[in-house]
**Q** 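If you scroll down you'll find the structure; I have some questions about it.
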Amino acid sequence: MITYLKRHWFSNLRGDVLAALVVALALIPEAIAFSIIAGVDPKVGLYASFCIAIITAFAGGRPGMISAATGAMALLMVTLVREHGLEYLLAATLLTGGLQIIFGLFKLGDLMRFVSRSVVTGFVNALAILIFIAQLPELTEHGSVQVYAMTAAGLAIIYLFPYLTKAIPSPLVCIVVLTSLALYFGFDIRTVADMGELPDSLPIFLWPDVPLTWNTLIIILPYALALAVVGILESLMTATIVDDLTDTSSDKNRECVGQGVANIGSGLIGGMAGCAMIGQSVINVKSGGRTRLSTLLAGIFLLILIVFLDAWVGLIPMAALVAIMIMVSIGTFSWGSVKDLRKNPKSSSVVMIATVLVTVFSHNLAYGVLVGVLFSALFFASKVGKILYIRSTLSADGRLREYQVVGQVFFTSAEQFVAAFDFKDAVEKVSIDLSRAHFWDITAISSLDKVVIKFRREGTQVELIGLNEASATLVDKFAVHNRPDAVEKLMGH
C-alpha cells in the first residue's frame, strides 16, 4: 500500500502541486466558455470540472490526466438544454455516467487497439488546430494592440523562462507577470471576470427534478448515448497521448469506469457531463504533473479559486490564458507528421489527413476518429486481400493438377481466389492444398463453393486438403458444395 501511494500519489510532490495550480487557473475560462456553449450558467461547467477532476484522480485509469467539462461534450448538449432545460441535462449526465460504467465493465476500452497510429496522430493534430481556433475570438473580436502585446509577451515568457530555471512552470509565471502588468498599467483588456460570473458558494447535492417515466428516458437516452461515446473516445485517445508523453501505460477499461463515476458525481451536484481534456492534460504534463495528486489538486485548487479567491482570479487577463493555450496548440501538434507525409505509406497519410479534416470541420472528435478507423480498416483489408498466392503443378501423366493456396481468403480476396483456377483444364482430378491458407468469413467459404462446384460441372474430381481447424469449422458450418442441392444453395447465397 505504501509503495502504491508513493508511486501513484507522492513521487512528484513539487511538480504536481505547481502543475495543478496552472491547470486550475487555465480551467476556469474554458469551463465558463463551455457552459455558455451548452446554454447553461457558468457554475454548471465550473462545478462539473471540479467534481470530475477530483473523482477521476481516484477512479480513473490514467495518472496525471485532466478531466473536466469540455467543448466536445458541450456541443452535444445544446439542443437538449434549449428544448428541455437544465434538469433534463442533469438527468442525461447521470445516464451518461451509467453507460460509461457499463462500457468499462464490458471492457470496451480494449477496442483502442483497433485505433491505428495514423488515427491517433490525426486526432492530436485536429485537436491542436481546434485549440488554436478557439483562441482566435480573443485575438480578433476582442483584440487590440494591448491584447496582442500581452499575448506575445506571454508566449515569450512561456518559451524563454525555462532557460533561466525550470523549478517553476513557465505558464504559471506567465499568468502572474501578465496579471501584474495589467493591474499596474491599468490595461483595458478582457479578464476572466468578463467571461461570466463565478460562483460564490460550494456545490450542493442536487437530484434532477424530472419525472421518472419512459418518456423522460426516451428524451435523454439519445443525448446520453452520444455523450457517453464521445466522452469515452476523447478520454481514451487523450490517455493514449499522455501514455506517449510520459512513456507509461494506463488502464483504459478503468478509465471508462472512472469517467462514468465522475459524470454521475457531476450530475448529482448540478454539473454537466465531461471527459478528458487533451489541452489541460498537456499543460499538466509539460508543467511537471505526473501522478494522481496533480489531478486531485487541480480540482481542489479550482474550487478554492472560484469560490474563495474569485475576486483575484477575475483579474487574470485572458491574454495570459490565450498565450498558454497557443503554447499547448503548438506543443500538441505533431510537426513531424507533416514532414513524414512523403515518407509514410499513402494509406497512412490519407487516414491521418481524413481524421484531421473531418474533426476540424465537424468539430466532433467522434466523427473524425470513426472516419479514420473506417479508412484504416478499408486500407488494411485491401492490403491483406492482395497477399494471396496460388500456383499449380500438373502430374507427369497429365491427369492430376495440384493447386497450392498461400494467404488470406476473405471478402476482399474472394474474387481473386476464384479467378486463379482454370476450370476448363482437361484433367481428371484437382487437388487444392489449403494448408498455408486461411478462410475468414462466409464470403471466402462461398468462393470455395464456387471453385469446387465449377470443377465438378466440368466432370473434374475435387479434393480439399490441409484445411486448418478454424477454416474447417467454417466450411463444415457454411459450405454447400457437398450437399445434394449444392448449386441451388450456392445461387441462394
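Just so you know, these numbers use all the heavy atoms, side chains as well, and skip hydrogens, waters and symmetry mates.
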**Q** Please find the pair of heavy atoms, one from G61 and one from S250, that lie closest to each other, and give the distance.
**A** O-CB, 3.2 Å
**Q** Quick check for you: to the nearest 0.5 Å, what is the distance between F185 atom CZ and S180 atom OG?
**A**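 If I round to the nearest 0.5 Å, the distance is 11.0 Å.
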**Q** Hey, does I66 have a side-chain heavy atom less than 4.5 Å from the side chain of T295?
**A** yes
**Q** Apply side-chain contact (heavy atoms from CB on, under 4.5 Å) to residues C275 and Q259 and explain how you reach the verdict.
**A** CA-CA 7 Å; C275 62; Q259 292 290 330; 4.1 Å; yes
**Q** Not counting sequence neighbours, which residues clear side-chain hydrogen bond (donor to acceptor under 3.5 Å, both in side chains) with T248? List them please.
**A** R62, T246
**Q** Assess whether side-chain contact (heavy atoms from CB on, under 4.5 Å) is satisfied between L94 and W207, documenting all intermediate values.
**A** CA-CA 10 Å; L94 295 179; W207 184 258; 4.0 Å; yes
**Q** Restricting to pairs with a member in residues 91-101, which pass side-chain hydrogen bond (donor to acceptor under 3.5 Å, both in side chains), not counting sequence neighbours?
**A**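 As it turns out, the side-chain hydrogen bond (donor to acceptor under 3.5 Å, both in side chains) pairs with a partner in residues 91-101, which skip direct neighbours, are Q100-N263.
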**Q** With E234, which residues qualify under side-chain hydrogen bond (donor to acceptor under 3.5 Å, both in side chains), at least two apart?
**A**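 Not a single residue meets the side-chain hydrogen bond (donor to acceptor under 3.5 Å, both in side chains) criterion with E234.
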**Q** Please check if the number of heavy atoms outside F132 that lie under 6.0 Å from its CZ is greater than 12.
**A**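 No, the 6.0 Å shell around CZ holds no more than 12 heavy atoms from other groups.
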**Q** Could you tell me which non-hydrogen atom of S287 sits nearest to which non-hydrogen atom of V22, and how far apart they are?
**A** OG-CG1, 4.2 Å
**Q** Measuring from R190:CZ to S144:OG, what's the distance to the nearest 0.5 Å?
**A**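 R190 CZ to S144 OG: 11.5 Å, rounded to 0.5 Å.
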**Q** Measure the shortest side-chain to side-chain distance between L217 and T213 over non-hydrogen atoms and say whether it is less than 4.5 angstrom.
**A** no
**Q** Do Y88 and D209 make a side-chain contact, defined as non-hydrogen atoms from C-beta onward lying under 4.5 Å apart?
**A**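 No, their side chains stay 4.5 Å or more apart.
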**Q** Considering all heavy atoms of both residues, which atom of T291 and which atom of S11 are nearest to each other, and what is their separation?
**A**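 Reported closest heavy-atom pair: CG2-OG, 3.4 Å.
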**Q** Walk me through it: do F205 and I269 pass the test side-chain contact (heavy atoms from CB on, under 4.5 Å)?
**A** CA-CA 5 Å; F205 178 82; I269 63 169; 5.8 Å; no
**Q** What pair of heavy atoms forms the shortest contact from M77 to A273, and how long is it?
**A**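 In this case the closest contact between M77 and A273 is CE-O, 3.3 Å.
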**Q** Which residue pairs pass the side-chain hydrogen bond (donor to acceptor under 3.5 Å, both in side chains) test when at least one of the two sits in residues 335-348, sequence neighbours left out?
**A** N125-S337, D340-K343
**Q** Nearest 0.5 Å please: distance from the OG1 atom of T240 over to the CE atom of M237.
**A** 6.5 Å
**Q** Under the side-chain hydrogen bond (donor to acceptor under 3.5 Å, both in side chains) rule, collect the residues that match up with S294, sequence neighbours excluded.
**A**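 For S294 the side-chain hydrogen bond (donor to acceptor under 3.5 Å, both in side chains) partners, ignoring immediate neighbours, are N284.
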**Q** Rounded to the nearest 0.5 Å, how far apart are CG of L155 and CG of L160?
**A**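 So the gap between those two atoms works out to 10.0 Å.
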**Q** From L321 CG over to L178 CG, what is the distance, rounded to the nearest 0.5 angstrom?
**A**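 Rounded to the nearest 0.5 Å, the CG-CG separation comes out at 9.5 Å.
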**Q** Roughly how far apart are L305 CG and I316 CD1, rounded to 0.5 Å?
**A**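 So the gap between those two atoms works out to 7.5 Å.
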**Q** Counting only pairs under 3.5 Å, give me each side-chain donor-acceptor contact of residues 365-380, with atom names and distances, residues two or more places apart or in other chains.
**A**
| unit_1 | atom_1 | unit_2 | atom_2 | d |
| --- | --- | --- | --- | --- |
| S376 | OG | S116 | OG | 3.1 |
| S376 | OG | G372 | O | 2.9 |

**Q** For a 4.5 angstrom cut-off between non-hydrogen side-chain atoms, does I129 reach V356?
**A** yes
**Q** Heavy-atom distance under 4.5 Å between the side chains of M327 and P171, does that happen here?
**A**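 M327 vs P171: side chains touch.
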**Q** At their closest point, which heavy atom of L303 faces which heavy atom of L202, and how far apart are they?
**A** CD2-CD2, 3.8 Å
